[in-house]
Protein chains: 2
Amino acid sequence: MTHPLDSIFAALADPTRREILRMLLEDDMAVTDVAHPFAMSLAAISKHLTILVSAGLITQEKRGRVKWCKLEPDALRAAAIWMQSFGQFEPVNLDAFEAFLSHELQVQTQIDPIPTP
Amino acid sequence: MTHPLDSIFAALADPTRREILRMLLEDDMAVTDVAHPFAMSLAAISKHLTILVSAGLITQEKRGRVKWCKLEPDALRAAAIWMQSFGQFEPVNLDAFEAFLSHELQVQTQIDPIPTP
DNA sequence: CCGATCGTCAACCGATCGGTTGAATATGGG
DNA sequence: CCCATATTCAACCGATCGGTTGACGATCGG
């Protein structure tokens, strides 16, 4: 019914969920630990994680009381491939990547309206 | 307050908007012509286009009565770069790309059929 | 000038989103 | 066994989304 890209891009459209993915890039995490840095309820994070699971971007495995969250970077492949079709730009540019990351960190807390020339 | 990636990914999350981008990949188009293949009102397409403009994915230029829409593939660069950070996967995999495209064509059902050779 | 075309605006609609709170369900430790 | 911990569920809320319809301003052609 709905295209897989719908849920993948929709999941990526929220900054909280992108930050969760960034955290999981470093290591697998329990739900409570994922929630810890955020200023919102555990239930809200639990919902975000459900959305990420539905999009296939993460998987969860329950061991005992603890549910572990694991990044599934392959799910981004479809989205990356789709975007490649619009990319005259070269596939990987690590310089641009680092420049972007430093900009990313600054932008987190500042107002940054859409550039409309 | 909102990150540029928010609006880019949100814009990409809708299949109508992705299809519009795909159409604009071939050539610049007037708003009416963009709307033509879709089974929805012109006003709805006009809204989709403003969302794409806000995300920076397209630009519009009015010449006479006609407003021309132009793809801005550079806007996808930020999103592509962000996704690269999750990619242990190799930058471009053309086999996977073709496989994905054939699947993509099958899934599109909400618009008028595309002549498949 | 007149009528048709191009495109947006405004109001409205139901559905979904992102968040809250409070209760409920496992599970583990002492 | 009891209690704390880990996580989800359910109901609710305001805001936003994706769509409609009808009216409207601009612009072109004859």
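Just so we're on the same page: letters track the sequence lines, and every chain starts at 1.
Here dG7(C) is the nucleotide among dT20(D), dG7(C), dT8(C) with the atom lying nearest to any side-chain atom of V66(B). Closest contact between the side chain of I51(A) and the listed nucleotides dG18(C), dG19(C), dT20(D) involves dG18(C). Ranking dG19(D), dG18(C), dG7(C) by closeness to the R17(A) side chain, first place goes to dG18(C). The nucleotide whose nearest atom lies closest to any side-chain atom of R65(B) is, among dT20(D), dT20(C), dC6(C), dC6(C). Here dT8(D) is the nucleotide among dG19(C), dT8(C), dT8(D) with the atom lying nearest to any side-chain atom of V31(A). Of the candidate nucleotides dT8(D), dA11(D), dG19(D), dT8(D) has the atom lying nearest to any side-chain atom of L42(A). The side chain of K62(B) lies closest to dA26(D) when the candidates are dT7(D), dA11(D), dA26(D).
A sub-4.0 Å separation between OP1 or OP2 of dT8(D) and a side-chain N or O of S46(A) is present. Residue H48(A) has no polar side-chain atom (N or O) positioned under 4.0 Å from OP1 or OP2 of dC17(C). Within the structure, every side-chain polar atom (N or O) of T32(A) is placed at least 4.0 Å from both OP1 and OP2 of dT5(D).
Using the Watson-Crick or G-U wobble rule with both distances under 3.5 Å, dT21(D) pairs with dA10(C).
Comparing S41(B) and K67(A), the nucleotide of DNA chain D nearest to each residue sits closer to the 5' end for K67(A).
The closest side-chain heavy-atom distance from L57(A) to L76(A) is below 4.5 Å. I8(B) has its side chain out of reach of F9(A): every pair of non-hydrogen atoms, C-beta onward, lies at least 4.5 Å apart.
dT21(D) atom C1' lies 15 Å from atom CE of M40(B), rounded to whole Å. What separates CZ of F9(A) from C1' of dT16(C) is a distance of 20 Å, to the nearest Å.
If you check every strand for non-hydrogen atoms under 4.0 Å, A43(A) touches a base.
Results of the side-chain contact (heavy atoms from CB on, under 4.5 Å) test with C69(A) over L24(A), L21(A), D27(A) single out L24(A) as the only residue that passes.
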